[in-house]
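Below is one structure, written out as structure tokens; comments come after it.
Residue numbers count from 1 along this sequence. Just so you know, ligand 1 is whichever comes first in the structure, and atom 1 is the first atom listed for that ligand.
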Amino acid sequence: MEMDELYTELILEHNQDKRNKRLLENPTIDEHGHNPSCGDDLTLQLTLDGVLIRDAAYTGQGCAISQASASMMIDLVKGKTVEEALRYVELFLGMIKREITEEEELEALEDAMALQNISRMPARVKCAVLAWHTLRAALKER
Ligand code: ZN
């Protein structure tokens, strides 16, 4: 399988898999994000335990890329600290802006690395970064 195909599969998988698309019972933070250029709309919820992200989930509507990106991000940051999560956000945004291209460094992003090629599709970049900008806003306001 070609790398691009593998990545497309991962995006479709995350888009279909709704395990991260749910409402949390007692979230510590609710943060809304909107991408008017595509119509993507999402609400990110986090349950914090001190500096630990104990649980995370999203709800909302949007294209496959925005939803898959949110799901990949949640898999990555759940169980991590706020500081670690913010580092992942910077790494992801750096990848999308092509400022960070080192494979070894990007591997830390796990499935979200599948979105690397989105940087070649400027119209979709805002879809891919929506969840990550929303997470950063949520954590900085805490
Ligand atoms: Zn979109």
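Between the Lys80 side chain and the Arg54 main chain, no donor and acceptor come within less than 3.5 Å of each other. With hydrogens and angles disregarded, no donor-acceptor distance shorter than 3.5 Å links the side chain of Ser71 to the backbone of Gln67.
Between Asp40 and Ser66, the side chains place a donor N or O and an acceptor N or O closer than 3.5 Å (distance only, hydrogens not considered). Between His32 and Asp41, the side chains place a donor N or O and an acceptor N or O closer than 3.5 Å (distance only, hydrogens not considered).
For residues 87-97, the set of pairs meeting the side-chain hydrogen bond (donor to acceptor under 3.5 Å, both in side chains) definition, not counting sequence neighbours, comprises Glu90-Arg136.
Counting only heavy atoms from C-beta outward, the side chains of Leu106 and Phe92 never approach each other to under 4.5 Å.
Each protein N, O or S atom less than 2.8 Å from the Zn ion (ligand 1) was counted, giving 5.
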